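Down below is the structure, laid out as structure tokens.
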Amino acid sequence: MLLNFLILMKHELAVLAIIFILMFLKLGKDRSNVTVLNMVNVLLVINFAVGFFWNREGMMFNEMFRNNPLMVLEKNILNLGVLIISLQSYAWLRTHKHVPEFYMLLLSTLAGMFFMISGGNLLMFYLGLELSTIPLAAVANFDLAKRQSSEAAMKLIISSAFSSGLLLFGISLLYGTTGTLIYTELPGVLNGGSLQVFAFVLILAGFAFKISVVPFHLWTADVYEGAPVAVTSFLSVISKGAVLFVFISVLYTVFKPLAEAWYNMLFILSVLTIIIGNLFALRQDNFKRFLAFSSIAQVGFILIGITGSSQSGSGSVVYFVLIYVFSNLAAFGVVSLVSAVTGREGIKDYKGFYKTNPVLSWILTIALFSLAGVPPTAGFFGKFFLLMAGAEKGNWILITVAALNMVISFYYYLRVVKAIFMDDNTNPIQTVSMPLYPRLALYLCVAGILVVGLYSGIYEHIYSLSLKF
Amino acid sequence: MNLSLLILLPLATGIGLLFCRGVKQVRSLSLVGSVAQLGLAFLLLLEYWKDRAAGNNAKMLYENDFTWFRPLNIHYHVGVDGISIAMILLTAFVVVAGVLVSWTVEKLNKEFFFLLIFLSVGAYGFFISLDLFTLFFFLEVAVIPKFLLIGIWGSGKKEYSAMKLALMLMAGSALVFVGLAGLYFNTGTFDVMAISQMKIAPAIQKFFFPFAFIGFGIFTALFPFHTWVPDGHSSAPTAASMFLAGISMKLGGYGCLRVATFLMPDAAHTYSWVIILLATIAIIYGAFATMMQKDLKYINAYSSVSHCGFVLLGIGMLTRTSINGAVLQMVSHGLMTALFFAAIGMIYSRTHTREVAKLGGLLKVTPFISTVFVIAGLASLGLPGLSGFVAEMTVFMGAWQNPDNMYRLATILACASIVVTAVYILRAAGKTVMGPISENYIKLKDASWNEKLAAGLLIAGILVIGIAPFLVFQLITPGTDVIMQQLAKTIIP
Amino acid sequence: MEASAIIFYAIAAFTLTSGLLAVTTTKIFRSAIWLLFSLVGIAALYFWMQVEFIAAVQIIVYVGGIVVLIIFSIFLTQQSGKEMPKASLRRIIFSALASLFGLGFSLNLISEYKFSVPAQALQVQIKDIGRQMLSPTEHGYVLPFEVVSILLLAAMVGCIVIAMKSPSDKRPGETAEPKETGVKTGTVTVINKPEIVKEV
Amino acid sequence: MSYLQYIFLVPLLPLAAFVLLGVFGRKYFKKSSGIIGTAALLGSTVVSLYTAWNYFFVSGKVDGVYQKFSAFNFKWLEFGPGISIDMGGTVDTISVMMLVVVSFVSLMVHIFSLGYMKGEERFPTYYAFLGLFTFSMLGLVLSSNIFQIYVFWELVGVSSYLLIGYYFEKPSAVAASKKAFIVTRFADLGFLIGILVLGFYSETLDFGLLIQRLTDPTSTQYLAITAGSFLGVSALTWGLVLVFAGGAGKSAMFPLHIWLPDAMEGPTPVSALIHAATMVVAGVFLVARLFPVFQMSAAALEIVTWIGVSSALIAAIIACTQNDIKRVLAYSTMSQIGYMMFALGVAGSGTADNPGFTGSMFHLFTHAFFKSLLFLAAGAVIHMVHSNDMRDMGGLRRLMPVTHLAFLVACLAIAGIPPFSGFFSKEEILLAAYESNKIVYAIGLFTSALTAFYMFRLYFSIFWNKSQRQANDHHREAGFSMKLPLVVLTVCALVAGFVPFSEFVTADGIPFISQLHIAFSLPPVTLAVVAILVAMFMYRKANNKPEKAAALFGGLYKAASRKFYIDELYMFVTKKVIFNFIGGPAAWIDKNIVDGFMNLLAFITAAFSEFIKGIQSGRVQSYALYFFGGVIGLAAVFIYFWK
Amino acid sequence: MASVPLEHILFLSTALFFIGMYGLFTRRNMITMLMSLELILNSVNINFVAFNKYVWPGKLDGIFFTIFIITIAAAEAAVAIAIIINLYRSHKSIDVEDATDLKW
């Protein structure tokens with residue numbers, strides 16, 4: 001029993017263990033940031049490594065907690081992302097006053113996501129969601145001196161509370177109409193009645209809010225811009241990814257009876273999301289804000305993938321999230337490094353960046369190309385598979401719109417590349433020296449971008465896992 | 001021989017370039033690499049002839065096929081027939097010439113040569129791949145380097161042009177993607193040869209053909225979507241313009257042939273009149289637009305629009321000869337336009353202007369360059385003995401074999417364009433290399449060894465095609481015959 | 001029966017009116033008080049539904065915790081007497097319309113839906129609530145319980161870090177209260193803090 | 001056929017010279033290039049003479065009929081079964097005759113140029129171009145395939161372009177070369193389409209097969225081509241007329257002649273070779289080559305006739321008014337070619353034993369000699385006076401006796417005074433015209449008189465007119481290399497007429513004896529003599545009679561001296577109409593509409609994104625409002641509408 | 001209970017829900033916005049309890065859900081207020097209209 005418990009909840013327990021270590025660290029005599037950071041990063045590496053061993057399928061607490069290979073994979077992806085982010089935010093945290101707290105909060109959100117992914121029950125889902133949101137709001141405020149930071153935190157907490165209010169209303173209606181909260185029981189009792197559809201829409205909105213689907217996306221850009229870069233990247237990659245994982249499984253299993261309805265909803269939402277995201281990304285100057293909108297557009301593509309049939313849909317989405325972790329974090333890594341050293345975050349500031357920082361420029365360029373979906377970067381494969389998955393339903397309007405929107409997205413990614421390579425600048429960003437951790441992280445990302453796509457084994461592995469939820 | 005070498009060799013060269021120190025190493029390595037490509041291409045040609053002579057009548061030779069992404073049944077499937085070998089040879093020629101021409105690039109030369117080589121990877125991969133996915137993959141691989149090449153090393157309103165080019169080409173490949181997806185979901189495979197064996201319902205073909213054809217057409221300056229050509233070519237650095245006009249416009253033509261026409265023959269029959277209409281417009285209107293240009297590069301760019309019109313015309317006519325002509329025209333236009341751009345580049349690097357009005361009398365001071373310029377001009381106005389003539393005549397003959405009166409009219413109009421071509425070429429030549437020379441050009445230097453080599457290489461190619469076209473013909477005809485069989489077994493007569 | 005119905009409607013009217021006032025009065029402190037009333041009304045509703053435990057929790061947490069917290073923060077951030085800034089008329093109209101439409105929409109849906117009301121309602125004992133709360137077996141809620149406790153821990157840490165006045169900025173009159181809020185959150189959590197330690 | 005195997009040398013030697021001099025000339029053969037070129041030409045001349053001898057006197061005739069042999073033939077470009085461009089060498093009467101003419105005249109010009117072009121900076125280039133031209137011309141006459149002839153046709157055109165533009169620093173030369181190329185290109189368009197038509201219907205491009213199929217009224221191809229019609233004219237006629245259009249362009253026939261006078265910008269020997277003797281008669285040769293097919297279509301022959309005769313007349317009239325001696329010669333060339341053309345025309349439509357074909361070829365033959373002689377002599381004069389204008393000349397007869405003599409002979413020849421060569425050929429032509437069409441005959445007669453007049457106008461005003469000039473170091477007659485060709489050609493111009501041409505070259509290869517009827521040849525000769533006397537009376541001494549005469553003709557004179565304003569017409573059409581009403585709009589549309597549309601898309605996108613930016617107002621409450629709006633909207637849509 | 005149909009309880013909760021929403025939309029003071037949020041959550045609680053009590057008396061899901069919601073609401077409120085206070089430090093105001101630096 002106990003062993004089973006330990007193995008099944010390995011990921012969660014590992015994260016919690018780190019949290020408690022940090023807590024005692026904090027209560028004990030205060031150490032220098034660097035030692036704390038070294039320690040934390042080592043722990044995270046261990047945590048990430050542990051994720052690959054002794055995995056087992058199973059359920060506990062009458063389906064409140066499930067685990068299966070796909071979930072393990074998803075958790076590993078999230079672990080990886082957190083590791084990379086932590087390595088990248090080294091430059092920023094070195095001088096920060098509350099390093100252990102930062103990690104405690106961040107990791108508790110991670111734990112929340114794990115519970116959310118593993119949860120087999122709307123209650124667990126809700127708890128996980130909150131656990132992965134509320135601490136983030138706090139962390140978003142960690143640039144205590146900056147007014148933008150606190151504004152971002154305020155926007156995040158209020159709008160997320162609002163969305164969870166709606167979500168809860170939906171859940172309550174669902175509960176009222178079906179009498180159960182357990183995933184495995186729900187499909188049997190869902191009958192697609194209008195009240196249930198309403199409930200579903202409310203729940204969908206809760207998801208859509210977290211993965212910032214238009215029109216539930218409006219908080220995204222502001223929060224991304226205001227929050228510290230580490231938090232922004234965490235929001236844009238980790239929490240989005242986690243919710244996506246849950247979203248797919250919930251849609252494909254729990255709401256199967258409503259499939260026809262949610263397919264059309266996602267159709268509308270994805271088109272809206274791609275277009276609006278692109279249109280806004282067109283005219284951004286702040287790099288984080290720009291990435292925010294670009295990530296919204298990316299979500300639109302992911303939604304298209306979700307509309308596909310279960311296996312290729314979920315496979316392509318998980319695959320894309322993995323790629324997205326690498327590409328987006330590569331971009332954010334450069335941005336966070338630069339903003340930590342120089343405090344400049346405008347795309348204009350990046351004019352002539354290549355003259356001073358060739359390596360960083362290439363990394364950023366590769367990342368942007370991967371986001372834009374240019375071969376041979378992994379992003380190309382990710383987008384291709386997403387669209388192929390979406391095309392399985394034969395909805396060519398959707399595919400054509402998406403394909404043409406890739407052109408718009410191209411424009412703004414290339415705009416940045418243009419700024420980096422072609423424009424000349426009177427005072428370009430000075431040469432930024434890369435500390436060890438960020439360098440590691442960035443190289444890891446680039447390697448990922450190049451390998452994940454070209455090496456087909458990874459996709460096939462994910463695909464093979466993504467039959468069962 | 002293993003075709004993957006064609007991809008690996010440039011790739012290795014490119015990676016090697018990253019570790020080079022100093023201008024000399026970079027130049028020499030890229031020259032060695034590109035020459036090796038050329039050698040490889042010739043090796044391929046020889047083997048091909050040997051095997052064909054040995055009576056190997058397979059549709060595709062040297063096929064090499066292994067599964068890449070099993071879930072979507074994506075293969076890495078390469079193989080060549082005569083047409084693709086012709087294209088590969090063209091690419092190799094242009095690459096070497098491009099490297100030679102850009103010998104003196106100082107600014108960021110490592111990156112420059114890396115991108116050039118990388119571009120060639122895309123081109124080779126595109127021409128050898130028999131799997132729609134890899135085809136698409138390499139198609140897009142070939143786009144981005146152009147953007148950087150133009151934007152960083154270009155001249156004039158380079159950012160605008162680079163952006164325009166990248167976006168329009170990307171729009172093209174987006175359409176291509178839809179077409180490919182359509183083919184995939186109606187056949188369950190990306191494999192070109194496999195799809196060609198299947199029968200796709202005409203309705204489906206009719207729906208997806210425009211996507212594929214227009215998508216590829218944008219690459220090869222299909223009429224309303226050609227506007228990236230003038231700006232892109234004129235802003236690009238010399239080598240990049242050579243690549244653009246010489247290679248990447250051919251990607252489009254090849255795709256139109258290999259994917260759109262070959263895999264959707266019914267639709268090809270249905271839409272051939274549209275293709276011919278657009279092609280004829282492109283030919284005539286491109287020629288007249290060229291007549292009004294003042295800038296040498298614009299002249300050549302617009303003439304490329306007109307010449308690529310011949311390619312599309314040949315494809316649209318759907319006769320054996322005309323398709324042969326289309327392929328021939330692709331190769332010949334690739335060579336001669338590359339030569340033209342090389343000559344323009346040489347002139348520009350000396351006089352620092354491309355304004356026809358500002359130039360004059362260069363024949364006196366730079367006889368070699370001027371001669372090259374004139375030869376390129378004569379080639380593009382279709383002088384017998386040079387490649388252009390053979391290609392255009394083949395297209396005309398093939399087009400005329402299509403007995404429909406409207407098609408005949410289109411053919412006649414297309415023929416008429418050779419007069420206009422003569423007009424603008426001779427105007428350009430007359431104003432640039434002939435006439436009285438202005439004082440400030442009096443002490444210009446003639447071509448340096450690398451420029452001479454590059455020009456010589458291209459001229460050699462042009463002459464070979466022009467004097468011994470039967471060589472190219474017996475190279476490409478088997479491929480054309482395969483396409484003709486495909487077109488023959490359609491439902492619509 | 002009649003009596004209970006009358007009581008219900010009375011409670012409902014009280015809750016709704018005080019809630020409405022809470023979101024409309026111009027004085028912030030008053031609105032806080034109205035909120036308090038409304039929450040109490042809800043607690044009364046729970047009593048009426050004979051779920052005393054929830055009612056108790058409602059009173060302890062909301063009335064005893066959150067409202068107090070809110071009032072403190074009001075004191076911290078402004079003088080309670082003064083008028084609050086009004087929203088623009090356009091905003092008000094749109095919000096009213098949206099809310100009313102939403103209300104109508106959902107009421108319509110709910111009234112359409114025929115809830116199958118079984119004969120006898122649920123009789124809930126506090127002790128099986130407590131037992132299930134901590135039982136890992138069937139109908140056990142120990143896992144969510146732990147998750148929530150992690151959440152509370154995280155929330156506490158977050159509050160402390162954010163609201164604690166950093167030594168750099170020295171503004172008089174704000175030294176104590178931020179900690180206060182932190183502690184307050186603490187008190188909320190203290191209820192089930194020991195169990196965490198026990199369990200893990 | 002032993003001698004046939006050497007024929008390939010005839011075109012190849014000049015080609016070799018071209019390649020050698022073109023590639024290495026300016027480096028290694030700066031001085032010796034002239035010798036090299038001439039040597040090569042000498043070689044091919046010898047071979048062609050050898051061929052001619054063998055063909056005409058040894059082995060050409062099989063039981064009384066001159067056969068058509070194929071010296072060599074290989075597939076150059078195969079379009080499909082039966083349809084292929086071959087590179088072949090046809091040996092028949094006209095091709096052998098042309099071989100001799102071309103190589104011989106070209107040799108003469110090569111030799112002449114040794115002196116004339118001495119000291120030129122681009123001496124090797126000049127000889128390279130000459131070699132290229134000679135190669136292409138020889139290839140043209142040898143062609144066995146209608147597409148092959150087109151190939152060399154273009155090559156001839158381009159080498160003429162290069163040679164006209166030889167003085168590339170003179171804008172006028174550049175313009176002239178451009179004009180020549182474009183005008184002929186325009187004509188070639190017709191030729192090309194004609195080839196497509198004929199080739200398509202006859203299902204071959206080979207001359208032999210094509211002629212055989214299209215002249216046999218029972219063959220399917222013939223039926224097809226006569227059945228097929230466009231705008232009510234049969235495909236056959238279309239094809240032939242279009243082909244003839246090409247010929248007319250090259251041969252400077254009436255509406256397409258404008259390039260020829262300007263082409264005189266080139267070096268004079270070049271004019272002698274290309275624009276007098278060889279290239280310009282290519283059109284005649286083409287028609288002669290397809291003569292059997294032309295005979296199948298009366299309409300086509302009519303057109304040929306009238307184009308030819310009108311060109312002859314107009315050119316002659318214009319020639320009377322020009323002052324630039326080379327232009328005068330150019331117009332006379334045009335008029336003489338007009339003769340050849342209408343000779344062919346009437347030959348087809350006339351009776352079976354009509355001497356027109358022979359006459360035309362004969363005239364081509366003789367004309368080659370005396371016209372190139374005229375040009376070379378003129379070249380010698382120009383070389384000495386350094387001017388083209390006859391008003392700067394005069395009284396040169398003592399100063400340059402050889403030239404004087406040669407010029408005189410040539411003038412007599414072209415004027416058709418017996419026993420000079422021109423007389424015989426012209427007689428045959430007039431006879432042919434007389435037999436078939438009186439009007440044409442009359443015009444021809446008048447034209448010949450005009451010819452005599454303007455030629456002697458030229459002669460007198462060069463060599464007499466002004467007072468004697470004295471020899472001094474500056475004015476000296478040219479050296480041996482220039483005298484030799486003059487002498488040789490003079491001899492030819494004298495004796496060429498006595499060649500019994502009709503026994504060699506006839507339409508059907510069957511020789512016949514043509515005898516002179518004194519009665520018939522009386523009127524033209526007397527007219528010619530009268531015309532010469534008039535010219536002598538007007539131009540022997542400097543006086544004001546010419547002005548009077550000009551005033552007498554008034555408008556006609558003015559129009560003629562302005563070449564009947566045809567150039568202006570062309571200028572108007574090209575510069576004004578094409579550039580402003582076709583090219584301009586095309587460029588404008590491309591820049592503003594097609595490209596503008598692309599930019600408009602970009603602009604709209606940007607504008608729209610600017611327009612909707614208000615959504616992201618930064619107010620969290622409106623965010624919530626949108627959020628809720630989205631929820632309700634979605635729910636409403638999917639509950640009430642999208643069921 | 002029979003005298004009061006379930007729907008009426010739901011009406012009450014729904015009304016409360018939208019009252020809260022109205023408040024959230026219109027209140028410019030962040031703390032009052034927070035209050036509105038509390039109202040929303042409470043209405044959901046009522047739903048859960050009512051459903052559990054009258055419709056699905058089998059298990060205690062609704063009850064427990066309510067308990068957890070209440071707890072989380074507390075935590076949320078705490079964090080929110082902490083953030084608001086911090087924001088007040090920098091902005092000198094808790095009017096949302098003043099906290100709109102980040103936009104477009």
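Source: prediction; values computed, not measured. So you know, we letter chains A, B, ... as the sequences are listed, proteins then strands, and number each from 1.
Note that the CZ atom of F20(A) and the CG atom of L153(C) stand 6.0 Å from one another [nearest 0.5 Å]. Annotation: the span from S95(C) atom OG to R90(C) atom CZ amounts to 10.0 Å, rounded to 0.5 Å. Here the CD1-CG distance, from I21(A) to L43(A), works out to 5.0 Å after rounding to the nearest 0.5 Å.
Between L190(A) and T178(A) there is a side-chain heavy-atom pair separated by less than 4.5 Å. I71(C) has its side chain within reach of V67(C): a pair of non-hydrogen atoms, C-beta onward, lies under 4.5 Å apart.
Applying the side-chain hydrogen bond (donor to acceptor under 3.5 Å, both in side chains) test to T109(A) and every residue at least two apart in sequence or in another chain returns nothing. In terms of the side-chain hydrogen bond (donor to acceptor under 3.5 Å, both in side chains) criterion, residue partners of S86(A) (sequence neighbours excluded) are, by chain and number, N41(A), Y103(A).
The most heavy-atom pairs under 4.5 Å with chain C, out of Q196(A), E63(A), M104(A), E101(A), come from E101(A). Among the candidates V157(C), L143(C), L109(C), the residue making the largest number of heavy-atom pairs closer than 4.5 Å to chain A is L143(C).
Using a 4.5 Å cut-off between heavy atoms, L16(A) touches chain C through its side chain atoms alone.
Taking the six-membered ring where tryptophan is involved, the planes of W48(C) and F8(C) are tilted, since the angle between them lies from 30° to 60°.
When the options M60(A), K75(A), E12(A), M9(A) are evaluated for a side chain to side chain contact (heavy atoms under 4.5 Å, CB included) with N67(A), the one that passes is K75(A).
The contact list for residues 145-154 of chain A toward chain C, using heavy atoms and a distance under 4.5 Å, is empty. Within residues 122-137 of chain A, the residues that have a heavy atom under 4.5 Å from a heavy atom of chain C are L123(A), M124(A), L127(A), E130(A), L131(A), I134(A), P135(A), listed by number.
The ring of H96(A) has its center no closer than 6.0 angstrom to the ring center of F102(A).
Side chain of T15(C) to backbone of S38(C): no donor-acceptor contact under 3.5 angstrom is found.
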